[in-house]
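To start, the structure under review is shown below, and the notes come after it.
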2 protein chains.
Amino acid sequence: MGVGESAVAETGARLRTRRAILDAAVTALIRNSSATLADIAVEANVGRTTVHRYFPERSDLLGAIGTDFLDKIEQATTRARLEEGSAPEALRRLCQEYFEFGDLFTLTFAMPELATGPEWEQDTDADRAVVALIERGHAQGTVDAGMAPAWVQQVLWSLLFTAWAYVRENSVPKHEALNLCLRSLAKMVSP
Amino acid sequence: MGVGESAVAETGARLRTRRAILDAAVTALIRNSSATLADIAVEANVGRTTVHRYFPERSDLLGAIGTDFLDKIEQATTRARLEEGSAPEALRRLCQEYFEFGDLFTLTFAMPELATGPEWEQDTDADRAVVALIERGHAQGTVDAGMAPAWVQQVLWSLLFTAWAYVRENSVPKHEALNLCLRSLAKMVSP
DNA sequence: CCCTAGTGGAACATCCGTGCTCCATTTCAG
DNA sequence: CTGAAATGGAGCACGGATGTTCCACTAGGG
């Protein structure tokens, strides 16, 4: 390979394999939070050796899952356009955007170690945007002033987790859980 | 030992040791959900041998934690006297009773395997009492009919989890988190 | 006071996940 | 078609947790 290989974009095949392993890891770890690298390899239809090639140590894989999640959160937050409309409306859009990552929220609750490391220590842009949104709601009187931004944010996350658990355990259609989630959140923040 | 020893009440010392190990296990597992039996023994100020004497296999210990939790839930539910007063008032009492077990809720979220086994499969008396409470609220118009009993129950659990996480991560006094929890729940169920 | 239940510690075999190496095979781009 | 890239599989060493046994010790109840 040429000089500076580490900075060069990876070939298509490598990217695809990497994604497959990452996704398989999430699936396997949700099923059993102490899933083996061998389990993950099977889930990804890949040899265990290949997993080690992409993620030398287990912690590398876990870290990559966390970083990937962080990226998705960031993008979803952008898509929600939190500056537009009333605060409750924006919060509703955010909840809808986050909802599709429900399995990742579930995994993060079960494996707090995923959410460790430098990137998780400091506030992300998404964090700041959400806090700003709640504060805007406070200022405009559309969000209950008694509900602190950090509290609302944490409840949002755990409501998403709850919604997915509700779907799994009660075999309820996803949209129904999402609706309960949206309604519950709206009622909670309403002044 | 005499005939029927297994049915005989254990001596005081044994009961105390058993309790110590159980409590230490919860503490150690909250700190690190993959804590070693050796870690737990240290936390309990007990030899690892002793742990094995009380719980031959690791799964025995985990199972005992789950069963113990189930007992506590049961007792707390009884104390809350769910039949008395309006449904929202009773729900508030229930939340207050459950709140003290916050660490156990946290642990159960992180280790779903604690909540497996026959006792967890079927509905407990506590489950039925809570469902009946919500339904009473529906009938009397004091609880939003759109909030299904199972949903309310699950949200209650996750709000308790959230409240404790909120305390840990934002170094907020417990009573403040409890208040947020109670207010949030009350607003969600209000019609 | 005594003795017995209860305990602590050391030592041991075992199992399992991990990280690594080597080599044969497949795949894909030029 | 050809060679480099990518993969899969077997094998191996290592570490750490587990479960078990044995023995010495201590504390507390009769």
Side-chain angles (χ1 to χ4, degrees), chain A residues 1-66 107 110-111 113-114, chain B residues 1-65 110-111 113-114:
Chain A
M1 287 199 183
V3 176
E5 54 163 276
S6 65
V8 177
E10 310 234 304
T11 141
R14 285 192 70 84
L15 272 185
R16 253 181 296 115
T17 306
R18 189 187 150 89
R19 254 272 62 82
I21 295 176
L22 235 33
D23 291 342
V26 171
T27 305
L29 288 173
I30 285 178
R31 195 164 39 234
N32 169 17
S33 61
S34 58
T36 295
L37 290 186
D39 298 336
I40 294 173
V42 169
E43 177 72 35
N45 291 311
V46 148
R48 189 168 72 90
T49 311
T50 302
V51 174
H52 277 289
R53 253 192 283 272
Y54 284 79
F55 306 96
E57 306 201 357
R58 178 176 242 268
S59 57
D60 294 326
L61 177 55
L62 299 187
I65 294 176
L107 187 57
M111 303 184 66
E113 61 267 34
L114 283 185
Chain B
M1 290 199 185
V3 177
E5 54 162 276
S6 64
V8 177
E10 310 234 303
T11 142
R14 288 191 67 84
L15 272 186
R16 254 180 296 117
T17 305
R18 188 187 150 88
R19 253 275 58 84
I21 295 176
L22 236 33
D23 292 341
V26 172
T27 304
L29 288 172
I30 285 179
R31 195 165 37 236
N32 169 17
S33 61
S34 58
T36 295
L37 291 185
D39 297 337
I40 295 174
V42 169
E43 178 72 36
N45 292 312
V46 148
R48 190 167 71 90
T49 312
T50 303
V51 174
H52 279 288
R53 253 192 283 272
Y54 284 79
F55 307 96
E57 306 201 358
R58 176 176 244 268
S59 58
D60 294 325
L61 176 55
L62 299 187
I65 293 175
M111 303 183 65
E113 62 265 34
L114 284 185

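Reminder, nothing fancy here: chain letters follow the sequence lines and each chain counts from 1. Since we're looking at a predicted model, the values are computed, not measured.
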Review point. Can you list the steps and then say if A/L114 with A/L29 is a side-chain contact (heavy atoms from CB on, under 4.5 Å)?
Key: CA-CA 11 Å; A/L114 283 185; A/L29 288 173; 5.5 Å; no

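- Residue B/N45 contributes atom CG, which lies 20 Å from atom P of C/dG6 at whole-angstrom precision.
- Proximity note for A/R53 (side chain, C-beta onward) versus D/dG8, D/dG19, D/dA6: the nearest is D/dG8.
- Of the residues in residues 32-41 of chain A, A/T36, A/L37 come within less than 4.0 Å of DNA chain C through at least one heavy atom, sorted by number.
- At least one test fails for A/R18 against the ring of A/F55: distance under 6.0 Å to the centre or angle within 45° of the axis.
- Rounded to whole angstrom, the span from the CG atom of B/L15 across to the P atom of C/dG6 amounts to 11 Å.
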Let me check something: any side-chain donor-acceptor pairs from residues 32-39 of chain B under 3.5 Å, sequence neighbours excluded? List them with distances.
residue	atom	partner	partner atom	Å
B/N32	OD1	B/S34	N	3.0
B/N32	OD1	B/S34	OG	3.0
B/D39	OD2	B/T36	N	2.9

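- Going from atom CD1 of B/I21 over to atom CD1 of B/I65 covers 11.0 Å, rounded to the nearest 0.5 Å.
- Taking atom NE2 on A/H52 and atom C1' on C/dG19, their separation rounds to 6 Å, with Å as the unit.
- Under the side chain to side chain contact (heavy atoms under 4.5 Å, CB included) criterion, A/I30 pairs with A/V26, A/D103, A/L107, not counting sequence neighbours.
- Dashed line: the shortest gap from a side-chain N or O of A/T50 to OP1 or OP2 of D/dG8 is under 4.0 Å.
- For the pair B/L61 CG and D/dG19 C1', the interatomic distance rounds to 14 Å; values are reported in whole Å.
- Residue contacts shown for A/D60 are absent, as no nucleic acid heavy atom lies under 4.0 Å away.
- A straight line from CZ of B/R18 to P of C/dA5 spans 20 Å, rounded to a whole angstrom.
- Contact annotation: A/Y54 does not reach the phosphate of D/dA6 (side-chain N/O to OP1 or OP2, under 4.0 Å).
- Checked against side chain to side chain donor-acceptor pair (under 3.5 Å), B/R53 has no partners two or more places apart in sequence or in another chain.
- The salt bridge (Lys or Arg N to Asp or Glu O under 4.0 Å) analysis of residues 19-28 of chain B, with sequence neighbours excluded, yields the pairs B/R19-B/D23, B/R19-B/D68.
- The salt bridge (Lys or Arg N to Asp or Glu O under 4.0 Å) pairs that include a residue from residues 42-51 of chain B are B/R31-B/E43, where partners are two or more places apart or lie in different chains.
- Separating the NE2 atom in A/H52 from the CZ atom in A/R58 is a distance of 10.0 Å, to the nearest 0.5 Å.
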With the criterion being N/O to N/O and under 3.5 Å, what pairs connect the protein with nucleotides 28-30 of chain D, and how long is each?
none

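- Mapping B/R48 and A/S59 onto DNA chain C by nearest heavy atom places B/R48 at the nucleotide closer to the 5' end.
- Considering only side-chain N and O atoms, A/T17 lies under 4.0 angstrom from the phosphate OP1 or OP2 of D/dT7.
- If you check every strand for non-hydrogen atoms under 4.0 Å, A/R58 touches sugar and phosphate atoms only.
- Under the side chain to side chain contact (heavy atoms under 4.5 Å, CB included) criterion, B/A20 pairs with no residue at all, not counting sequence neighbours.
- Rotation axes derived from the C1' atoms of the five outermost pairs at either end of the helix from C/dC1-D/dG30 to C/dG30-D/dC1 lie 30° apart, to the nearest 10°.
- One finds the CG atom of B/L22 at 11.5 Å from the OG1 atom of B/T17 (value rounded to the nearest 0.5 Å).
- In terms of the salt bridge (Lys or Arg N to Asp or Glu O under 4.0 Å) criterion, A/D60 has no residue partners (sequence neighbours excluded).
- Between the P atom of C/dC20 and the CD atom of A/E57 lies a distance of 6 Å, rounded to the nearest Å.
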